[in-house]
Participant: 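This is the structure, below, for whatever I ask next.
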Amino acid sequence: MNFNRQIQTLDEFTIQQLRDFPEATGELSHLLRNIGLAAKRVNVEVNKAGLVDILGDAGTINVQGEEVKKLDVFANDQFTRVLHHGIACAGIASEELDDFVAFDDAKSINSKYVCLFDPLDGSANIDVNVSIGTIFSVYRRVTPVGTVVTREDFLQPGNQQVAAGYVVYGSSTMMVYATRRGVNGFTLDPSIGEWTLSHPDITCPDKGRIYSVNHGNFFKYDEGVRNYITACQQKDKTNGGPYTQRYIGSMVSDVHRNLIKGGIFMYPGTTGKPNGKLRLLYECNPFAFIVTKAGGRATNGTIPTLDVIPTELHQRSPFFVGSSRMMDELETYL
Ligand code: P6P
């Protein structure tokens with residue numbers, strides 16, 4: 001009997017990666033599978049979100065007699081719980097939590113990774129059915145295994161990440177993650193509840209025709225940014241302009257599209273918010289790592305995003321990320 005097994009699940013992929021690198025302990029693969037499990041649970045709730053009137057608003061008790069949580073709180077709980085119960089994570093930091101959480105039980109203090117995440121980015125888009133996402137970043141701890149993690153384990157520059165990824169809860173649900181070995185995308189097959197390898201070895205085209213920015217802030221941007229945005233709109237045989245403007249206000253969707261098709265995403269600083277809106281540790285750094293591993297580039301407008309030394313868990317950073325040749329062009333204006 002001929003089994004035409006084309007699909008490869010996330011479990012099979014991570015185990016195959018282990019075989020290719022025998023020195024690996026398997027803890028990072030285990031952590032990534034944990035994230036995949038939590039994301040499947042979040043996906044179920046996100047897909048029901050449109051029924052919230054039936055299921056009850058956050059803070060109420062639903063028909064099953066359970067307290068209905070805001071989706072981003074639910075998502076935060078799922079990722080925190082799965083990572084705590086796993087064997088690979090010694091602590092987490094989350095957009096939803098003021099401070100990091102050290103897992104101080106005997107098993108967790110012997111884990112060698114920490115994870116930072118935005119459990120549900122763009123959650124304000126849920127009630128208008130625009131795609132939203134989870135963003136995560138994984139570091140090897142810098143404090144000794146066997147001790148409780150401290151703040152310095154989380155305040156590492158993005159170039160120290162061992163893995164980073166995102167989940168986009170959209171027309172289909174996808175999980176994309178990067179390690180030093182490359183970028184791979186998995187699409188959730190709801191009929192079997194498995195992440196299946198759908199986008200192996202993702203590379204970011206070195207050029208694209210999409211630019212993504214909130215034009216509403218145009219007159220609040222620096223002159224260099226304004227001049228670049230204007231250039232994107234002008235006919236120019238050297239750079240293939242005018243470009244197409246695409247911006248749906250959900251970072252995961254906007255960056256994912258530009259990663260696959262080629263393009264540039266910008267969230268610059270403004271006169272009122274010189275560091276912009278996006279968070280360095282669990283929004284900018286993960287995408288900077290992913291797009292860079294795919295052949296693109298990312299900067300805060302001055303230095304590569306991955307080289308920024310963090311000082312606070314929730315610090316913001318201006319962010320420019322995308323196709324390498326478009327980033328080169330942008331930098332001639334900054
Ligand atoms: P603005 C969503 O709230 C978010 O954090 C990102 O997902 C998105 O790229 C950005 O904010 C949109 O912000 O100011 O353009 O509405």
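We count ligands from 1, going down the list as the structure has it; atoms in each ligand are counted the same way.
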Participant: In terms of ring plane angle, is the pair F13 and Y177 parallel, tilted or perpendicular, where the classes change at 30° and 60°?
Facilitator: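 Answer is perpendicular, since the angle exceeds 60°.
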
Participant: List the residues meeting ring-ring contact (aromatic ring centres under 6.0 Å, His included) with F136, not counting sequence neighbours, and say none if there are none.
Facilitator: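 F136: no ring-ring contact (aromatic ring centres under 6.0 Å, His included) contacts found.
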
Participant: Who are the residue neighbours of ligand 1 when the rule is a heavy atom under 4.0 Å from any of its atoms?
Facilitator: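 Within 4.0 Å of ligand 1, protein side: D121, G122, N214, Y247, G249, S250, M251, F265, Y267, K277, E283.
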
Participant: Determine, using ring centers only, whether Y211 and H215 are less than 6.0 Å apart.
Facilitator: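 Distance test on ring centres: under 6.0 Å, yes.
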
Participant: When the ring centroid of H314 is compared with that of Y282, is the distance short of 6.0 Å?
Facilitator: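 For H314 and Y282, the ring centres are under 6.0 Å apart.
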
Participant: Parallel under 30°, tilted from 30 to 60°, perpendicular over 60°: which one fits the rings of Y166 and H256?
Facilitator: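 Plane angle over 60°, so perpendicular.
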
Participant: Ring centres under 6.0 Å, that's the criterion: do Y267 and F319 meet it?
Facilitator: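 No, ring centres 6.0 Å or more apart.
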
